[in-house]
Amino acid sequence: MLGYIGPSNKRAQHRMPELPEVETTLRGIAPHVERQKVTAVRLYDRRLRWPVPSDLPDRLVGRIVDSVERRSKYLLFRLGQDTLIVHFGMTGSMRVYRRAPALRRHDHIDLEFGNGVVLRYHDPRRFGAMLWASGDAGNHPLLAALGPEPLAQAFDADHLFKATRTRSAAIKLALMDSHLVVGVGNIYANEALFRAGILPTRAAKRISRLRLGRLVDAVRHTLTDAIAKGGSTLRDYVDSEGRPGFFQNGYFVYGRAGEPCRACGRRIRGLRIGGRASYFCPHCQR
DNA sequence: AGTGCGGCCTGTCCGC
DNA sequence: TGCGGACAGGCCGCAC
């Protein structure tokens, strides 16, 4: 029925920490913590995907955070030769506070800095991670085998073409394979494939170089749009309760099964690919 | 090498 | 109205 907002649609409004969300978090926190000395580390709940190292306070306190970077969906806090690796999993988030607020359920870790700022990690589902890497973090098992960044030059039609020639699996799965390209999660894979006019189920190796080039562009546009929308809320990042309003209800296909395509009006279809919710327009995508 | 799937988690929503 | 179960999904680890 027209106008019906189903459960999947409501879930779609819950924002997963995909690459744009991580990038926005990076931009929000970097100005507050870069070149600051860590004055305290409080571990409230070490249970994440892997246990948070209990010696993290010893390793961090007294050190200076030189910079914060993003690689894939990881945040990398650089302290001299060492790196604090942070991942948000499904529901993790980091917020900046001018001073430590009262603890809430699912608050895991505080990093406190010389300027008084408190960086708090919060993660209800505990799929996230906070790990320490001594020396070159690029050799860390989590980072060593990652493909190119989707917004970097190395991710182009040629790369995608070569990487998919032997792959008979659905293009959506290839797009979400971090060995091939990083940072394209389920939501943006659906959206980018719509923008490129490619069916998510199509065998990757059956897609021409030309169309893969369009997919590269679509991935870039989808991610940069989302980053731009997140960026507009950065002003309110500190001490703000709400999270940035990425995309809101603006998805083309994600979570919209049964609703009209924003381009042609036909009904968006939903199915599962590799166990993941997938959405497409049977008219606009081929 | 590529493929497919189970497992980890909790909040939310649905159906009975 | 209460309760059980399905679902959401990033990413590892494993089997084939």
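Here is the naming used below: chain letters follow the sequence lines, and residue numbers restart at 1 for every chain. Below, all heavy atoms of this structure are taken into account, side chains as well, without hydrogens, waters or symmetry copies.
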Q: Does the pair A:D45 and A:R126 meet the rule for a salt bridge (charged side-chain N to carboxylate O under 4.0 Å, His left out), with working shown?
A: CA-CA 10 Å; A:D45 185 350; A:R126 301 183 359 222; 5.3 Å; no

Q: C:dG10, OP1 or OP2 - any side-chain N/O from A:H87 closer than 4.0 Å?
A: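 Answer no for this pair, as no side-chain N or O of A:H87 is under 4.0 Å from OP1 or OP2.
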
Q: Report the distance from atom CD1 of A:I187 to atom C1' of C:dG10, rounded to the nearest whole Å.
A: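 My rounded result for the distance is 11 Å.
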
Q: To the nearest Å, how far apart are A:L271 CG and C:dA8 P?
A: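 Atom CG in A:L271 sits about 12 Å away from atom P in C:dA8.
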
Q: Starting from P on C:dC12, measure out to CE on A:M176 and report it in whole angstrom.
A: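 Interatomic distance, CE of A:M176 to P of C:dC12: 13 Å.
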
Q: What is the per-nucleotide protein-contact pattern of nucleotides 3-9 of chain B, from the 5' end, where B denotes a base atom under 4.0 Å from a protein heavy atom, S denotes such proximity for sugar-phosphate atoms only, and - denotes neither?
A: S---BBB

Q: Among pairs that include at least one residue of residues 157-174 of chain A, which meet side chain to side chain donor-acceptor pair (under 3.5 Å), considering only residues two or more places apart or in two chains?
A: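 Listed by first then second residue: A:D158-A:K162, A:D158-A:R209, A:R167-A:D177, A:K172-A:N186, A:K172-A:S278.
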
Q: How would you list, by chain and number, every residue that makes a salt bridge (Lys or Arg N to Asp or Glu O under 4.0 Å) with A:E23, sequence neighbours excluded?
A: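 For A:E23, the residues satisfying salt bridge (Lys or Arg N to Asp or Glu O under 4.0 Å) (neighbours in sequence not counted) are A:R27, A:R70.
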
Q: Provide, to the nearest angstrom, the distance between the CE atom belonging to A:M130 and the C1' atom belonging to C:dC11.
A: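 Between C1' of C:dC11 and CE of A:M130: 18 Å.
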
Q: Expressed in angstrom and rounded to an integer, what is the separation of A:F88 atom CZ from B:dT10 atom P?
A: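 Taking CZ of A:F88 and P of B:dT10, I get 19 Å after rounding.
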
Q: I'd like to check the ring-ring contact (aromatic ring centres under 6.0 Å, His included) partners of A:F194; sequence neighbours left out, ordered by chain and number.
A: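 A:F194: ring-ring contact (aromatic ring centres under 6.0 Å, His included) contacts with A:F252.
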
Q: When the distance from CZ of A:R104 to C1' of B:dG11 is rounded to whole Å, what number comes out?
A: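 Those two atoms, CZ and C1', are 14 Å apart.
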
Q: Hey, is the side chain of A:R272 poking within less than 4.0 Å of OP1 or OP2 on C:dA6, counting only N and O atoms?
A: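 So the side chain of A:R272 is outside the cut-off, no N or O lying under 4.0 Å from OP1 or OP2 of C:dA6.
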
Q: Rounding to 10 degrees, work out the angle separating the end axes of the helix from B:dG2-C:dC16 to B:dC16-C:dG2 (five pairs an end).
A: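 Angle reported: 50°, given to the nearest ten degrees.
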
Q: Rounded to whole Å, how long is the line connecting atom OH of A:Y74 with atom C1' of C:dC11?
A: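 From A:Y74 OH to C:dC11 C1': 7 Å.
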
Q: Return no unless some side-chain N or O of A:H179 is found under 4.0 Å from OP1 or OP2 of B:dG2.
A: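 False: A:H179 side-chain N/O out of range (4.0 Å or more) of B:dG2 OP1/OP2.
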
Q: Could you tell me which residues satisfy ring-ring contact (aromatic ring centres under 6.0 Å, His included) with A:F113, sequence neighbours excluded, listed by chain and number?
A: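 Here no residue qualifies.
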
Q: Residues in side-chain contact (heavy atoms from CB on, under 4.5 Å) with A:P51, at least two apart?
A: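 side-chain contact (heavy atoms from CB on, under 4.5 Å) check on A:P51 returns A:R46.
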
Q: Can you tell me which residue pairs pass the side chain to side chain donor-acceptor pair (under 3.5 Å) test with a partner in residues 108-122 of chain A, sequence neighbours excluded?
A: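 Counting only pairs at least two positions apart or across chains, the side chain to side chain donor-acceptor pair (under 3.5 Å) contacts touching residues 108-122 of chain A are A:R42-A:D110, A:R42-A:E112, A:Y44-A:D110, A:D107-A:R120, A:D107-A:H122, A:D110-A:R120, A:Y121-A:D123.
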
Q: C:dG10 C1' sits how many Å from A:K172 NZ, rounded?
A: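 Value for this atom pair: 12 Å.
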
Q: Check A:R78 with A:E69, please: is the shortest side-chain N to carboxylate O separation under 4.0 Å?
A: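 A salt bridge links A:E69 with A:R78.
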
Q: A:R105 near the nucleic acid: base, sugar-phosphate alone, or nothing, with a heavy-atom cut-off under 4.0 Å?
A: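 It contacts sugar-phosphate atoms only.
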
Q: Show every donor-acceptor pair shorter than 3.5 Å between a side-chain atom in residues 210-221 of chain A and any protein atom, with sequence neighbours excluded, or say none if there are none.
A:
residue : atom : partner : partner atom : Å
A:R211  : NH2  : A:G197  : O            : 2.9
A:R211  : NH2  : A:R286  : O            : 3.0
A:R220  : NE   : A:P150  : O            : 3.2
A:R220  : NH2  : A:A152  : O            : 3.0
A:R220  : NH2  : A:F155  : O            : 2.4
A:H221  : ND1  : A:D217  : O            : 3.2

